[in-house]
Structures are given as structure tokens and as C-alpha cells.
There are 4 protein chains.
Amino acid sequence: MASLSPLRREDARITRSRRALHAALLALIETRPLEAVTIRAITEAAGVGYATFYRHYPTKAELLNDVAADQIRELVGLSVPALGTAHNTREACRAILRYVDAQRPVWRALLTGGAARAIRAEIIAVSREVTAAVPHRDGWLPTDLSHRFVASAMVELLSWWLEADGRVDVEQGAELLDRLIIAPVVASGI
Amino acid sequence: MASLSPLRREDARITRSRRALHAALLALIETRPLEAVTIRAITEAAGVGYATFYRHYPTKAELLNDVAADQIRELVGLSVPALGTAHNTREACRAILRYVDAQRPVWRALLTGGAARAIRAEIIAVSREVTAAVPHRDGWLPTDLSHRFVASAMVELLSWWLEADGRVDVEQGAELLDRLIIAPVVASGI
Amino acid sequence: MASLSPLRREDARITRSRRALHAALLALIETRPLEAVTIRAITEAAGVGYATFYRHYPTKAELLNDVAADQIRELVGLSVPALGTAHNTREACRAILRYVDAQRPVWRALLTGGAARAIRAEIIAVSREVTAAVPHRDGWLPTDLSHRFVASAMVELLSWWLEADGRVDVEQGAELLDRLIIAPVVASGI
Amino acid sequence: MASLSPLRREDARITRSRRALHAALLALIETRPLEAVTIRAITEAAGVGYATFYRHYPTKAELLNDVAADQIRELVGLSVPALGTAHNTREACRAILRYVDAQRPVWRALLTGGAARAIRAEIIAVSREVTAAVPHRDGWLPTDLSHRFVASAMVELLSWWLEADGRVDVEQGAELLDRLIIAPVVASGI
DNA sequence: CTCTAATCGAGACGGTACGTCGCGTCTTACG
DNA sequence: CGTAAGACGCGACGTACCGTCTCGATTAGAG
């Protein structure tokens with residue numbers, strides 16, 4: 001009845017500004033590499049005052065992380081179920097590629113525009129959470145290395161796949177992802 | 001009569017300046033991330049005039065590439081023999097890790113200081129050369145993807161191994177490198 | 001029936017806010033120069049909402065004028081009588097210095113904190129009123145110049161006297177004020 | 001034969017930039033009050049890069065001081081001789097007003113544009129030098145007060161005189177300056 | 001042994017982006 | 001429904017580094 005929650009109730013203007021900045025960054029990153037995207041350009045594209053950027057993010061990388069995290073969370077939400085229930089890695093890989101395929105422009109921008117590092121960091125973070133949630137037997141592959149390996153290799157594979165621009169279909173991509181990266185790692189822990 | 005060849009007989013001062021710039025960059029990259037290393041700082045550390053930098057390299061990245069290429073060429077010289085003669089991937093991996101181990105400070109600087117991208121590019125270039133030299137049967141793994149996969153994954157593994165800082169010895173590292181990255185790729189092409 | 005007059009019957013809250021702003025400005029001006037006193041700081045020190053400032057004053061200078069005018073009016077009330085009745089300039093000077101002495105912190109803040117300009121303007125305004133009230137014979141000194149001279153010179157002398165910080169007593173200060181500034185001007189008009 | 005002097009030999013570009021900044025400030029100060037003169041506007045008017053300003057002056061006030069000091073030094077050079085030889089204060093005053101008259105636009109800009117404070121500071125500095133050079137008997141007027149009094153009162157008088165815009169000629173102005181400010185102070189020290 | 005020519009250090013310069021700050025307006029949520 | 005809190009657009013600030021350039025001193029090679 002009173003206020004819904006101290007966290008939920010946020011000034012509508014804040015939400016609006018944040019959304020505008022997200023969209024602007026994504027739009028700009030499609031036209032030029034990340035380091036050539038000025039903060040001023042972002043704010044202008046977002047229709048927002050220059051200083052307003054800093055009222056929300058301390059740095060360009062921080063905004064990028066936010067944007068990247070959004071994508072990763074959605075991607076994970078789609079692929080983890082397949083993994084969790086039946087250890088069906090191939091199906092999880094398909095889910096991933098399908099999602100990336102659906103968001104082609106965004107992911108191309110993120111991966112080729114200099115945001116690969118941010119994506120990688122997010123994947124590592126997510127991997128860590130997922131790993132922590134499942135029981136885990138020690139194999140020959142150290143856990144922290146496996147996270148970093150998966151993140152780096154997956155980013156590379158996705159970049160390659162996006163650059164292939166349709167010459168490799170989702171099924172083929174999923175097979176490559178599974179055989180080259182996911183399956184070895186999953187197998188290592190059993 | 002005059003100069004023996006346009007390539008050889010390089011002015012000693014040029015060599016000296018280049019060497020000084022290489023050394024300065026390596027020294028500085030150990031103290032702070034690459035993007036925080038200003039060209040001014042490099043020239044000061046090298047004991048060289050500011051404008052002199054531009055007489056040798058058009059940009060900071062170019063100098064970095066030079067430095068990275070040096071390292072990669074040496075690393076490759078040590079590891080390819082093992083691969084080439086007996087397809088002994090494990091021995092090649094050992095050779096790689098031994099070399100990196102011997103050059104720890106340099107590689108730590110390169111990999112954690114923001115030069116990973118340059119190293120990766122050099123590895124890809126070298127991989128391409130090596131692949132072109134050997135006969136190759138098409139497997140399930142596209143060649144260009146394999147190059148990028150190897151480069152990215154190897155950079156990641158080496159970074160992790162250097163950060164582990166001795167807690168993983170050369171033999172263990174070589175096994176990981178071989179089982180996780182090299183062997184799968186080599187096997188794919190047979 | 002409702003409000004007795006537009007001027008009188010002022011909302012008690014308005015008075016309270018104004019007083020709080022006055023006090024806050026005076027307090028802050030003692031700690032740093034006027035231009036370093038932000039409006040935000042004033043409102044925070046006054047315990048008043050930020051926007052509230054603008055409901056009372058269009059600008060920082062306006063508030064300062066209010067504060068300065070208060071002081072000048074009181075100072076004048078004390079010194080004019082002596083002047084008016086017996087042309088006793090020395091006694092008027094003593095009255096002025098005694099008052100300033102009693103309000104040392106306030107005047108020090110006003111004169112050294114960047115409010116000297118406002119004080120000067122107020123003195124000129126008052127001088128004009130006083131002059132207009134008394135009969136006046138043309139001497140060698142133009143009236144408007146005399147006002148500005150008195151204001152500037154008096155502000156300077158008071159600043160100096162306050163900075164001397166007690167090393168010059170009221171009597172000595174009054175003599176200086178009288179001989180250097182007041183007497184010449186008064187004499188000029190006779 | 002070698003270099004003329006370590007001080008004299010200054011990079012020609014420095015001189016050029018400084019001169020351009022001086023001229024630009026003087027030009028701009030005639031069109032708007034000092035605090036409305038942006039540093040960017042100065043540099044643009046000077047045809048100089050924005051950052052170049054800070055290579056020469058840490059702040060706008062510092063540039064102003066330079067400009068003011070130039071004027072004061074010239075003014076002093078013209079008026080001191082008359083004072084020095086025959087204690088002819090009237091003639092010195094005439095010299096001052098004649099110089100200001102000749103430089104009307106500059107002085108009007110300086111005195112009404114917000115540079116009065118800088119001018120005052122320069123006059124005080126010069127007064128101190130002049131006083132230190134001549135023998136001095138203690139009178140009823142403290143030396144430091146006399147400097148500040150002269151500076152403030154003279155600035156005020158000059159402002160008034162410039163605003164009178166020709167309705168008071170040099171001779172009359174000189175008489176006022178002499179009788180109201182200079183003579184009393186000079187007399188006090190004898 | 002001069003005297004010109006090339007080289008190099010030093011660093012000034014025009015730019016451009018940065019991140020900060022204060023202003024004055026205007027919206028928002030809450031009492 | 002009025003008011004504090006504060007988000008916002010704006011625009012100047014002073015800093016940093018870029019890559020180009022000019023400058024003057026040093027040195028070398030040619031006459």
C-alpha cells in the first residue's frame with residue numbers, strides 16, 4: 001500500500017535517460033569502433049545533456065558493461081535451461097546462436113566494435129555463477145581457467161560466425177561451438 | 001658501391017633509437033596499462049626526442065606490433081620444429097611454455113598490459129603461415145576459425161598461467177594447452 | 001480584510017527563509033571568498049531547499065545587496081545624527097568605527113570576502129540621500145564624485161583597519177577617516 | 001657575441017601568442033564586462049588554440065594583471081619624473097590624466113569592465129616601490145594605508161572622469177586628483 | 001678550416017575530448 | 001496541493017595527449 005519498495009521506486013527521468021544512453025551507444029557502435037565513440041556523441045545521440053552521462057555512469061566502459069550485461073543475461077536465460085535439465089550442450093549451443101542470430105546487429109556491434117572485452121567479462125561472471133550452482137567434481141581443467149577459456153573462445157567464435165555473415169548456419173555454428181568449446185569443458189569436469 | 005642494400009646497412013642511430021623505444025615500452029607497460037602509457041612517456045624513458053618517435057613509428061600500436069612480433073617469431077622458432085617433424089604437439093607446447101616462462105616479465109607485461117590484441121594478431125598471422133606450409137585435409141573445423149580460436153584461447157591460457165604465478169608448472173601448463181587447444185585443432189584437420 | 005497591506009503582513013515562512021539565507025551567507029563568506037560560495041552551499045547551510053533560494057532572490061548578488069544594505073542602514077543611523085546637528089565629523093567617524101568594531105566578523109567577511117563592491121554601492125546610495133537632504137553650496141568638488149570618493153576610500157580604509165586587527169584603535173581610525181576622507185569632502189562644500 | 005642574455009632570448013612564438021592574448025582581452029573587455037569574457041572567446045579572438053592560453057597564464061586574472069601592469073608602468077614612467085624632481089604634484093597629475101586621456105578606450109575598458117581590482121593592485125605595487133625609493137618621514141598617515149587609499153581613490157576618480165566623457169577637462173581633473181588625493185597624502189609625510 | 005646542410009633535442013602550437021562544476025529550470029514523489 | 005529533493009540542459013572550466021611544426025644548437029661533410 002505504501003511504497004512498493006525502496007529499490008523499485010526510481011525517478012522516471014532516470015530510467016528514461018539510462019534507456020536513451022543504452023540505445024545511443026548501441027546505435028553508434030554500429031557505425032564506428034568503440035574508442036571512436038565520443039561520450040559527447042553518445043549524449044547527443046541520446047538527446048541528453050553532456051553532464052547527464054556522468055550522472056549515470058562514471059565512464060564509457062561502465063555504460064558498455066551495462067549494455068553487455070543486458071545481452072548476456074538474456075542469452076543465458078535462454079541457454080541454461082537446456083544445460084541444466086539434460087546436460088544437452090548441443091541444444092544450449094543452438095539456443096545461444098539462435099539468440100545471437102536474432103540480435104545480429106547488436107552483437108556484431110558489440111563484438112567487432114571493441115566491446116568484446118566487456119562481453120567476455122560478463123560471460124566469465126555468469127559462468128562463475130552457473131558453476132557455483134551445480135555440483136562439481138575436480139577434473140584436469142582448473143575451474144577459473146575453464147571460465148576464461150569459454151569466454152574468450154566463445155567471443156572469438158561468435159565474432160567469426162557473425163563475420164561469416166550467413167555462410168555458416170545456426171546448426172553448423174552450434175556444432176562448432178559445442179565440439180570446440182563447450183563439450184570439452186563440460187566433459188573435463190566429470 | 002655506396003650502401004650494400006637498401007635494407008641492410010641501416011644507420012646505427014636508427015637502430016639505437018628503435019631499440020631504446022622497444023625497451024622503454026616494455027619497461028613502461030610493466031608499470032601501467034598500455035593505454036596509460038603516453039608516447040611522451042615512452043620517448044622520455046627512451047631518452048629520445050619526442051618527435052623522434054614519429055620518425056620511426058606512425059602510432060603507438062605500430063611500435064607495439066614490432067615488439068610483439070619479435071616475441072612471437074622467437075616463440076614460433078622454438079615450437080614449430082617439434083610440430084613439424086613428429087606432430088609432437090605436447091613437446092611443442094612445452095617449448096612454448098618454457099620460452100614464456102623464461103621471458104616472464106615481458107609476457108606478463110604484454111598480456112596483462114593491453115597488448116593481448118597485438119599478440120593475438122601476430123599469432124594468427126603466424127598460424128596462417130604455418131598452415132599454408134603443411135598439407136591439409138578439410139575436417140569439421142574451418143581453417144580461419146581454427147587460427148582465431150588458437151590465438152584467442154592461447155592468449156587467454158597464457159594470461160591465466162602467468163597470473164597463476166608459478167602455482168602451475170610448465171608441464172601442467174603444457175598439458176592444459178595441448179589438451180584444451182592444440183590437440184583438438186590438430187586432430188580436426190586429419 | 002485578508003492581508004492588511006501588500007508590504008506588511010509578510011508570510012512568516014518568507015521571513016524565516018530570508019533570515020536563514022542572510023545568516024548562511026554571512027557564515028559562509030567568513031570561510032571563503034564570495035565567488036567560491038555557491039548557491040547550493042548557501043541553501044544547505046540555511047537548511048532550505050535549493051530552489052527556495054530563487055523564490056527570494058534572482059541571484060547571489062541580490063542576496064548580498066540585501067545583507068549589505070542592512071548593515072549600511074544601521075551604520076548610517078548611528079553616524080548621521082552627529083553630522084547633521086553639529087557638523088561634528090570626528091564624532092560621526094567615531095560612531096562608524098565603533099559600530100564596525102562591534103560587528104567585526106560581519107564586516108571583515110563583507111569587506112574581504114568580495115562584497116566590498118556591494119557595500120560601496122550602498123554607501124553611495126546613502127550618501128546621495130543624505131546630500132539631497134541638506135542645503136549644499138557648490139565648491140570645487142563635484143557632488144557625484146564626492147559620493148564615489150567617499151564610498152571607495154571609506155571601504156578601503158575600513159578594510160585596512162579591520163586587517164590591522166586591533167593594532168589601530170577606534171580613536172586613531174576615526175582620526176584617519178576624518179582627516180583623510182570626510183573632512184576634505186565636507187569642507188569642499190562650504 | 002654569444003647569446004644576448006638568458007632572459008632576452010625568448011621563443012618568438014611565445015611573444016606572438018602573448019601579444020595576441022593581450023590585444024584580444026583589451027578588445028573584448030570593451031564589449032562586455034570582464035566576467036562575461038570567456039577564456040575561449042579570448043583565444044578565439046587572439047587566433048590562438050584554447051590550451052595555449054594556459055601555457056602562458058594560469059588564469060584570466062593573471063593575463064589581466066599583465067595587461068594592467070603594462071599600462072601602469074607606462075603611466076608611472078610619465079608621472080614620476082615631475083614628482084621626483086620638484087615635488088610638483090600638480091604636474092604629475094596632469095601627466096597622468098593626459099596619458100589616460102590618450103588611451104581612453106583602453107582605460108575605460110579596464111576600469112569599467114571589472115579590471116579595476118587589477119589596476120588597483122598594480123598601483124599599490126608601484127606606490128610601494130616609489131615610496132621605498134624616497135626618504136620618508138613618519139607622519140600621521142600610515143604608509144600602507146596611504147598606498148591603498150591612493151590606489152582606490154585614484155581608480156574611482158579616473159572611472160568617474162572617464163564616465164564624465166569629456167565634460168571635465170584634463171586641467172580640472174588634474175586639480176581634483178591633486179587636491180583630493182595626492183596632495184593630502186604627500187603632505188602627510190612631511 | 002671554414003661554411004653550408006642535415007639532424008636532433010626541445011617544446012610551442014592548434015586541436016579535441018576529457019571529467020568537473022555551478023547555474024537556473026523543471027519534474028517528481030511525498031507528506 | 002505545496003514543497004524538498006534533485007535530475008536535467010547548458011556551458012565554462014582546467015587538464016591531458018595527440019600529431020605537426022618551429023626553433024636553435026650541434027655536428028658532419030664538402031669545398
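Sequence lines set the chain letters: A, B, ... in the order given, protein chains first and strands last, and positions in each chain run from 1.
- Listed by chain and number, the residues in a salt bridge (Lys or Arg N to Asp or Glu O under 4.0 Å) with R40(B) amount to none (sequence neighbours excluded).
- Partners of E163(D) by salt bridge (Lys or Arg N to Asp or Glu O under 4.0 Å), not counting sequence neighbours, listed by chain and number: R148(C).
- With sequence neighbours excluded, no residue forms a salt bridge (Lys or Arg N to Asp or Glu O under 4.0 Å) with R32(D).
- Contacts between residues 36-47 of chain D and DNA chain F, defined by a heavy-atom separation below 4.0 Å, involve T38(D), I39(D), R40(D), listed by number.
- In terms of the salt bridge (Lys or Arg N to Asp or Glu O under 4.0 Å) criterion, R117(B) has no residue partners (sequence neighbours excluded).
- Evaluation of the side chain to side chain contact (heavy atoms under 4.5 Å, CB included) rule for A46(C) yields A20(C), L21(C), A24(C), V48(C) as partners, not counting sequence neighbours.
- Of all the residues in residues 50-62 of chain B, Y50(B), A51(B), Y54(B) reach under 4.0 Å from DNA chain F with at least one non-hydrogen atom.
- Interface residues of residues 12-23 of chain D facing DNA chain F, ordered by number: R13(D); criterion, heavy-atom separation under 4.0 Å.
- Residues passing the side-chain hydrogen bond (donor to acceptor under 3.5 Å, both in side chains) test with R19(B), sequence neighbours excluded: none.
- Within the nucleic acid shown, V48(C) has no heavy atom closer than 4.0 Å to any nucleic acid atom.
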List the atom pairs, with distances to 0.1 Å, where a side-chain N or O of residues 105-113 of chain C and a protein N or O form a donor-acceptor pair under 3.5 Å, not counting sequence neighbours.
unit_1	atom_1	unit_2	atom_2	d
W107(C)	NE1	Q71(C)	OE1	2.9
R108(C)	NH1	L162(C)	O	3.2
T112(C)	OG1	R108(C)	O	2.7

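- Residue pairs meeting the ring pair (Phe, Tyr, Trp, His ring centres under 6.0 Å) criterion with at least one member in residues 23-51 of chain C, sequence neighbours excluded, are Y50(C)-Y54(C).
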Using residues 56-68 of chain C as the side-chain source, report each donor-acceptor pair under 3.5 Å to any protein atom, sequence neighbours left out, with the distance given to one decimal.
unit_1	atom_1	unit_2	atom_2	d
Y57(C)	OH	H22(C)	NE2	3.2
Y57(C)	OH	D66(C)	OD2	2.9
K60(C)	NZ	V37(C)	O	3.0
D66(C)	OD2	H22(C)	NE2	3.4

